[in-house]
Amino acid sequence: MKELPSPVTIREVGPRDGLQSEAPISVDDRARLISMLSQTGIPKIEAVSFVSPKAVPSMAKAGEVWSRVERNPEVRYSALVPNRKGAEAALEAGGFHSLQAFIAVSDGYNHANVAKPVAESIKDVADVVAVAKEENMPVEVSISAAFGDPYEGDVEPGRVLGLAEKLVSVGAAAFSLGDTTGMATPTRVWALLETLRDRLPDIALNLHFHDTRGTAMANVLAALQAGCDEFDSSIGGIGGSPFAPGAGGNVSTEDLVHMLIDMGIETGITNLEALLEVSEFLRGVLGHPLRSQVLEAGPRWLSYAAVKAD
């Protein structure tokens, strides 16, 4: 069997991608969630999103949330920004290590998400890069619907490559490939990664899987087999775009960490119990069940009697 990459980096996106499709929770609870996650050993956290509060009410007051976070100097924090205005707001808030711009591969989802065609969004990414450059801050671009568009159907790897090359030309430093509505399967993951690595071998790649159709963990394994060493995940498995019909939750952070620990893959996250405590907190705040399997069943190394007793 091919040796899998180790260590693997996990970026927690629950405070942003996870909460964006939930009913708004308080500023204090959002800040506490980020603060708690900051103490679990997770090396990267996508903390807030400087988007229009009218478009995404759950992401309102990003600056206020961020100001209340108890930050860990060992964690690299990022903010999602849609355009120049968002980038300027993030830099004014201060304390971020990178910015996250975003764009869809095809006009279908891009129109639903930001009400403009892909060509115009490329200009927005260029503006974000220009603003970030003033502070020597890298910009990673999330490429949404990279494995399929909920409005237009299949997306061929060559189409993702074409967009990625344009984004590199305007200064993108890295990419996160988003499976926005869970349309990816392992063979599609292998095909896209091979295409991008062949033409853009020096660009860092992150994989962002949703479990809409139950393939997220299989896709993680496929990406590991292809040499990918960075993944997004969301505490409790919450999340999904409010602008994508049928979108499901992200791959659960605690489920992913649990699997990687048992596979002997280093993540820097050794205290799974701390993650489960954060998930319990989040379940109480949201007031509904989460998608986490390990939260319900417990880690595999605990006996059933111990889990039942808890």
Side-chain angles (χ1 to χ4, degrees), residues 11 13 16-18 20-21 46 49 51 55-56 59 80-83 100-125 128 139-168 170 172 174-196 199-200 203 205-216 218-220 222-223 226 228 230-234 238-251:
R11 177 171 60 190
V13 299
R16 198 283 302 173
D17 189 309
Q20 70 174 357
S21 58
E46 189 179 73
S49 175
V51 295
V56 190
M59 293 292 99
L80 188 83
V81 298
N83 48 33
Q100 194 83 15
F102 57 94
I103 188 172
V105 179
S106 52
D107 287 336
Y109 179 63
N110 211 66
H111 268 295
N113 197 28
V114 294
K116 61 181 64 176
V118 172
E120 289 187 23
S121 286
I122 293 175
K123 297 177 183 177
D124 286 333
V125 173
V128 171
V139 174
E140 179 180 294
V141 181
S142 292
I143 300 181
S144 303
F147 299 91
D149 186 296
Y151 298 93
E152 297 188 14
D154 286 344
V155 171
E156 295 300 317
R159 194 170 183 182
V160 181
L161 173 63
L163 174 60
E165 289 177 328
K166 292 175 182 177
L167 295 170
V168 169
V170 300
F175 295 118
S176 177
L177 304 176
D179 185 23
T180 306
T181 56
M183 296 174 73
T185 54
T187 52
R188 295 180 184 276
V189 172
W190 292 328
L192 180 54
L193 289 176
E194 181 179 6
T195 297
L196 291 175
R199 293 286 292 273
L200 299 170
I203 289 291
L205 297 176
N206 161 291
L207 274 295
H208 179 110
F209 292 120
H210 284 250
D211 205 32
T212 315
R213 293 173 174 83
T215 58
N219 291 333
V220 167
C228 183
E230 181 168 323
F231 297 89
D232 281 352
S233 63
S234 176
I238 62 170
S241 169
F243 307 107
N250 290 277
V251 62

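Everything numeric in this text was worked out from a predicted model, so none of it was measured.
Of the inter-residue distances, the one linking T180 atom OG1 with D149 atom CG reads 8.0 Å to the nearest 0.5 angstrom. To the nearest 0.5 Å, the span separating CD on E156 from OG on S106 amounts to 12.0 Å. The distance from atom CD of Q100 to atom OG of S49, rounded to the nearest 0.5 Å, is 10.0 Å. Between the NE2 atom of H208 and the CD1 atom of I143 there is a distance of 13.0 Å, given to the nearest 0.5 Å. Interatomic distance, L196 CG to E165 CD, rounded to the nearest 0.5 Å: 9.0 Å.
Using modelled atom types, no side-chain atom of S144 and backbone atom of A104 make a donor-acceptor pair closer than 3.5 Å. The closest donor-acceptor contact from the side chain of N110 to the backbone of K116 lies under 3.5 Å. Side-chain atoms of D179 come within 3.5 Å of backbone N or O of A184 as a donor-acceptor pair. The main-chain N or O of A222 is found under 3.5 Å from a side-chain atom of W190 such that the two form a donor-acceptor pair. In this structure a side-chain-to-backbone donor-acceptor pair under 3.5 Å is missing from S233 to V251. Looking at D211, its side chain does come within 3.5 Å of a backbone N or O of T215 through a donor-acceptor pair.
Taking all atoms of both residues into account, the shortest heavy-atom contact from Q20 to M59 is N-CE, 4.0 Å. Taking every heavy atom of both residues into account, L177 and L192 meet most closely at CD1-CD2, 4.0 Å. Annotation for V141 and A172: closest pair CG2-CB, 3.7 Å, computed over non-hydrogen atoms. Contact record, I238 with S234: O-OG, 2.8 Å, taken as the closest heavy-atom pair. Taking each heavy atom of C228 and L205 in turn, the nearest pair found is SG-O, 4.0 Å. Closest non-hydrogen pair, Y151 versus A112, comes out as OH-CB, 3.4 Å.
For E194, the CD atom counts as loosely surrounded, since its 6.0 Å shell holds 12 or fewer non-hydrogen atoms of other residues, nucleotides or ligands. When the shell of 6.0 Å around CZ of R188 is examined, it contains 12 or fewer heavy atoms from other residues, nucleotides or ligands.
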Requested in this report: Given salt bridge (charged side-chain N to carboxylate O under 4.0 Å, His left out), test R11 with E140 step by step and report yes or no.
Outcome: CA-CA 13 Å; R11 177 171 60 190; E140 179 180 294; 2.8 Å; yes
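No hydrogens or angles considered: a donor-acceptor pair under 3.5 Å links the side chains of N250 and H210. Under 3.5 Å, the side chains of N206 and D232 contain a donor-acceptor pair of N or O atoms. Using modelled atom types and a 3.5 Å distance limit, the side chains of Y109 and S241 yield a donor-acceptor pair.
For the pair R159 and E152, the salt-bridge criterion is met [side-chain N within less than 4.0 Å of a carboxylate O].
Contact annotation: the side chain of R199 never approaches that of T195 to less than 4.5 Å [non-hydrogen atoms, C-beta and beyond]. At a threshold of 4.5 Å between non-hydrogen side-chain atoms, the residues V81 and F102 do not count as touching. The shortest distance between side-chain heavy atoms of V155 and F147 does not fall below 4.5 Å.
Under the side chain to side chain contact (heavy atoms under 4.5 Å, CB included) test applied with N83, the options V125, V114, D124, V51 reduce to a single match, D124.
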